[in-house]
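Chain letters run A, B, ... following the sequence lines, proteins first, then strands; residues in each count from 1.
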Amino acid sequence: MTVLTPAAEVERPASVRATGPARRSPRSVLAIALFLAPAVGLVALLMIAPFVDTAYRSFFADNGFTRTFVGLDNYVTLFTSAGFGQTLLNTLMWVAGTLALPVLIGLLIAAGTHELRWGAVARFALVLPYALSGAATAVVWMFVLRDDGALNAALAAVGLGGLEQGWLLEWPLNTVVMIVASTWQGTGVAVILFLIGLQAIPPSTIEAAKLDGATGFRLFWHITLPQLRPITVVVVGISVVNSLKTFDIVWLLSKGGPGTASETLALTMYRETFTLARYGAGAAVAVVLTVVVVAVSWIYLRRQLRAN
Amino acid sequence: MTDRPLSRRTLLGLAGAGGLAWATGCARGTYTRPAPGNVLTLNNDVATWTDAYAAASDALERRTGSRLAVRAVPNQSTYQQIVRMSAQTDATTDLFKWWNGYRLQDIARGGIITDLSTAWDHAQEQGWVNPEMRESFSFDGRPYALPLYKTYYPMFFSRRAFAAAGVTVPTTFAELLEVAGTLRDAGITPIGAPGATTWESIIWFTQLLIGHSPDYYEDVTAGRASYLDDTATAAMELWARMYADGLFSEPDADQSGFPGMFADGTLGMVIAGTFTINSYIQAGLGAADVGMFLVPPVDPVVEHAVVVESAALCVSADAHKHEQAMAVADDWLATDVQQAWADQLGDASANPAALPTGSVVADFAHDVARVRPREVTRYWEASPPVLVEGNVQDLSAFMVTPTVDNGITVLRNLQDRADAEWEAWRA
């Protein structure tokens, strides 16, 4: 860690400490605490307390009527169950897929339409699906992807019947097409955020680069992209967290099937808790999922924000 | 300030006070108090049965003086959570719908429902119910619920498709396969069979098991036989062969599209609960378009068997109006109550004297009365819930890849899960 940290990093906190708190009066500390209290209180009440309760429940075998302490049994069962590896693999596929597709496509759309005359119209069309809920998206894609759905019908109609597939019925194909469906819906937010980033780039920087002879791809790669870094951190961060939590679209399109082949961690949590009424086991999955999401977000944001 | 009748601060204050009053109202909401007057509350997961409950309620009021106010939570898993959780608080309804078999045992041993032995004894004395049904509503030798209705699982068939292909109702399984083949050759989807992601994957599995041996089906669902038995293997092989012969729809076919396909003759047959007749009636189809027949046994020497599903009507142990709820339970199976209920529901009743007037289901019920097939509990209720839920997913996976090899793998998974879950259930 220390090897990677440049000297400037070490100096900054020291200088803050020297000047900042020294000037604060007890009155202003109280004011800060008062302003923070509602937010901290709400987070504690609505997020931390339920999490602690969930973690506590995960040590019990609980069927809703009776509860027996079983220690780490729920975790052992989860980690040794046959489907757990598959669930992790699917969750990873979602992370990789939603990182690569919405972020990349969002960036391309934003950069490509930023200065076009009819760019706003094109962007509107592409951002529109973002206004749909996950459930509505799933209904639309179900119509397209089911065996007797629009995609297979279209393939047959243009003489490509040989390419007809059970899109939602075979793993890994179903996970891939569900990632595509989720990309269709989720790219909008990336486009909006990248546009904000593009608008925040000072025109003088671009002009200076153009005067120096940078155009097209070189201009984008060496000037625009580095300036988009802060917003990229946000977009990637949101995408990672959302992909780890993927639930609605998979639940509605494949129910995690066939069998449990396309299940993600969030689906396993739902199945254990609400389908099988094994509340302790469901709580254990929830804890694992939370730990993964928090750890990934923390590591990522820590590295990225520090690098900035 | 003077020219503004309401300052921002006053407005916020009013909103805050209003919100507080509203929240306090919720904390002591209607669910935590007995329903007013002669009303009993009933919770269920089917929103479309409101009229049927209303009809039954009228008949019950004449007998017991109590009326039913029905709440519906149309999502099954949400409904189950609500019942499980509220049963342990003072927010429970007086009566609620559940499932029979092991699902009922699951909550009976949780202590949230009342022993209904007296209601059963009364109904049996009056001849309102077939005593054979009592067992699937019992836990530890005592009944804890009444049959809400009685749904059979016959084969529905499209008269238009049958006429187009020139086939008639089959009387043996070999004939059924022939009919399906003829429909296929005529460009008609022979048998609609959804289940790729739904519970419906149990329908054909069960049908083929009871077609080979109803005894084996009852043994394997009760944990007395193995899924690796030759009977199960034979059923899987037959199921795979029927898929290979192109006799089934795609496994992600949508049940809700079937009435339309029946109407235009593009779908020949489907095994479904008799209650599904409502969606055919709503689509404008009647006895001239849809027929039902008992699926013949695969092995002609084996007795006829049919799958039966009966939801359960329970009385909450902590019901606000327990006494009145027990009185309703005593009269629930009475012929006049069941006649009113079945007429609106369009489905059969557990009371053999109450058949839905003039419907396809009534015709089928007469067939059942003539053939007297052995009635077996639907797979969904016939084993511990966790075992069934897991097996449903494996059977769905089989329907997606219906090969003999996969069938054997699925049976092995079923047996592994049975080993683990029966141990957990008996613990």
Minimum heavy-atom separation for B:T197 to A:S254, with atom names? CG2-O, 3.1 Å
Salt bridge (Lys or Arg N to Asp or Glu O under 4.0 Å) between B:E389 and A:K255: does it pass, once the steps are laid out? CA-CA 13 Å; B:E389 299 276 3; A:K255 279 252 163 61; over 6 Å; no
Quick check on the interface: out of B:I112, B:D394, B:V410, B:T198, who has the most heavy-atom pairs with chain A under 4.5 Å? B:I112
Highest number of heavy-atom pairs under 4.5 Å with chain A: which of B:V386, B:D252, B:V400? B:D252
Minimum side-chain heavy-atom gap A:P258-B:T401 below 4.5 Å: no
Part of B:D254 within contact of chain A (heavy atom distance under 4.5 Å): both
So for B:A253, is it side chain, backbone, both, or neither that comes closer than 4.5 Å to the heavy atoms of chain A? backbone
From the list B:R84, B:M399, B:R109, the residue making the most non-hydrogen contacts under 4.5 Å with chain A is B:R84
Taking CZ in A:R27 as the centre, count heavy atoms belonging to other residues, nucleotides or ligands within less than 6.0 Å. Is the count above 12? no
Counting heavy-atom pairs under 4.5 angstrom with chain B, the leader among A:M142, A:R271, A:E170 is A:R271
Is atom CZ of A:F51 surrounded by more than 12 heavy atoms (other residues, nucleotides or ligands) closer than 6.0 Å? yes
Using heavy-atom distances under 4.5 Å, tell me whether A:T66 contacts chain B through its side chain, its backbone, both, or neither. neither
Interatomic spacing from CG in A:D148 to CE in B:M261 - rounded to 0.5 Å: 7.5 Å
Per-residue contact mode, A:A61 against chain B (heavy atom under 4.5 angstrom): neither
More than 12 heavy atoms from other groups under 6.0 Å of CE on B:M85: yes
Counting only heavy atoms not in A:Y130, do more than 12 fall under 6.0 Å of its OH? no
Neighbour count above 12 (heavy atom, 6.0 Å) for A:F79 CZ: yes
Taking B:Q81 for its side chain and A:F274 for its backbone only, find out whether a donor-acceptor pair lies under 3.5 Å. yes
Please classify the contact of A:E263 with chain B as side chain, backbone, both or neither, using a heavy-atom distance under 4.5 Å. side chain
Are more than 12 heavy atoms from other residues, nucleotides or ligands located less than 6.0 Å from atom CZ of A:F35? no
Counting heavy-atom pairs under 4.5 Å to chain A, which of B:I107, B:T78, B:V392 comes out on top? B:I107
